[in-house]
Amino acid sequence: MGTPSPPAADPELEVGIRAWRGWLAAERRYSPHTVKAYGRDLAAFLEFLAHHFGQRPGLAALRALKTADFRAWLAREAGTGKAKVSIARALSVVRGFFRFLDQRGLVHNPAIANLRSPRLPRSVPRPLSIAEAKATLSSAAGSAMPWVAKRNVAVLTLLYGCGLRIGEALALNRDQAPEGEALRVTGKGGKERIVPVLDVVRQAVADYLAACPFPLRGAGPLFVGSRGGRLQAAIVQKEMRRLRAGLNLPETATPHALRHSFATHLLAGGGDLRAIQELLGHASLTTTQRYTEVDENALRVVYEKAHPRARKKARG
């Protein structure tokens with residue numbers, strides 16, 4: 001027999017959960033995918049509490065949680081082999097949920113403030129080289145159906161040419177198509193930014209629009225799938241896996257890597273860090289500064305390969 005399902009949260013807490021999910025979507029402007037992921041993290045936390053206490057959790061139980069209870073949950077998460085980044089995200093979700101309940105006068109529990117997130121390794125973006133980025137866009141034209149190939153080229157060109165996140169590109173509607181000199185993008189937290197549009201981006205999108213067999217109108221999606229619905233990120237990610245295999249690119253060559261490549265290549269070309277921050281929609285310059293490390297790493301590789309003293313040292 002399988003493990004019995006844990007008791008569900010009580011009705012009062014369920015109301016709070018629904019309100020929280022609605023707030024994430026309407027107020028924070030999170031995508032359905034993000035809201036669903038947050039919901040899974042919260043559900044896993046409540047499942048732990050159900051087994052931890054032997055009864056379904058309610059608002060009163062959340063108020064009574066001690067620091068030791070939260071730490072027991074984090075220990076269980078670590079014990080299952082979850083990556084530190086996943087545990088840190090889950091803790092952030094639970095903190096946010098408690099903060100939401102607190103602001104609405106439903107639950108006040110200061111114990112969660114005593115928890116520290118797992119220490120995460122500092123990640124440095126892994127962009128494609130200019131040659132790899134160009135090859136990726138060129139190879140995307142080799143899809144089976146001509147209009148699908150043009151769509152894939154348009155999406156990937158938009159990511160690399162404008163530095164968009166995949167969710168930002170796929171959220172565009174037909175009346176937001178990049179047909180002018182600039183594009184208004186709604187990013188994380190509903191923040192808007194303006195990015196310039198290159199001729200190559202406009203042309204790629206125009207080619208796709210001319211070939212698309214579905215009527216694309218007004219507030220309907222700009223990029224659509226094979227049945228005419230809004231294109232899903234999983235389809236673009238699948239296309240990148242195909243391109244990766246064909247071009248012998250590393251596993252880090254994802255749709256998001258094209259955004260990294262946009263920033264890194266701008267910086268290498270003399271782009272101003274503050275301007276790149278605005279183009280990417282980063283809230284903090286610290287996030288954008290990671291790209292200077294990428295550039296430094298690239299310079300170090302060039303130095304070690306080309307400098308006479310470096311070559312001499314390598315030969316011993």
Residues Trp73, Leu91; criterion side chain to side chain contact (heavy atoms under 4.5 Å, CB included); working and verdict: CA-CA 10 Å; Trp73 165 61; Leu91 177 56; 4.0 Å; yes

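- Of all heavy-atom pairs spanning Val201 and Pro178, the tightest one is CG1-CG, 4.4 Å.
- Salt bridge status for Glu47 with Arg40: absent, with no side-chain N to carboxylate O gap under 4.0 Å.
- Counting heavy atoms from C-beta outward, Phe262 and Leu159 have side chains that stay 4.5 Å or more apart.
- Gln176 approaches Leu183 most closely through the heavy-atom pair O-CD1, 3.2 Å.
- Surrounding CZ of Arg230 are more than 12 heavy atoms belonging to other residues, nucleotides or ligands, all under 6.0 Å away.
- The hydrophobic clustering, which links ILVMFWY residues whose side-chain heavy atoms are closer than 4.5 Å, places Leu74 and Val93 together.
- In this pair, Trp20 and Tyr38 present their aromatic rings parallel. The plane angle is below 30°, not in the 30 to 60° band.
- You'll find the side chain of Arg21 stays beyond 4.5 Å of the side chain of Leu42, heavy atoms only.
- At a threshold of 4.5 Å between non-hydrogen side-chain atoms, the residues Val197 and Val205 do not count as touching.
- Under the 6.0 Å cut-off for aromatic ring centres, Phe223 and Tyr208 qualify, their centroids lying closer than that.
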Side chain to side chain contact (heavy atoms under 4.5 Å, CB included) between Leu164 and Arg259, intermediate numbers included: CA-CA 6 Å; Leu164 269 59; Arg259 171 174 157 88; 5.9 Å; no

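- The pair Glu239-Arg151 does not count as a salt bridge, with every side-chain nitrogen at least 4.0 angstrom from each carboxylate oxygen.
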Audit row: Ile166, Leu258, side chain to side chain contact (heavy atoms under 4.5 Å, CB included) steps and yes/no: CA-CA 10 Å; Ile166 182 64; Leu258 290 172; over 6 Å; no

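- Within 6.0 Å of CZ on Arg63 lie more than 12 heavy atoms contributed by other residues, nucleotides or ligands.
- Using modelled atom types, no side-chain atom of Asn109 and backbone atom of Phe98 make a donor-acceptor pair closer than 3.5 Å.
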Stepwise side chain to side chain contact (heavy atoms under 4.5 Å, CB included) check, Glu168 with Arg193: CA-CA 11 Å; Glu168 294 169 346; Arg193 67 185 190 277; 2.7 Å; yes

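- Between His52 and Phe48, the two ring planes are parallel [angle under 30°; tilted spans 30° to 60°].
- Taking both residues in full, the closest heavy atoms of Cys162 and Pro196 are given as SG-O, 3.7 Å, listed atom of the first, atom of the second, then distance.
- At least one side-chain heavy atom of Trp147 sits less than 4.5 Å from a side-chain heavy atom of Val224.
- Considering every non-hydrogen atom in both Leu243 and Ala140, the closest pair reads CD2-N, 3.7 Å.
- Phe214 and Leu170 end up in the same hydrophobic cluster when Ile, Leu, Val, Met, Phe, Trp and Tyr side chains are linked at under 4.5 Å.
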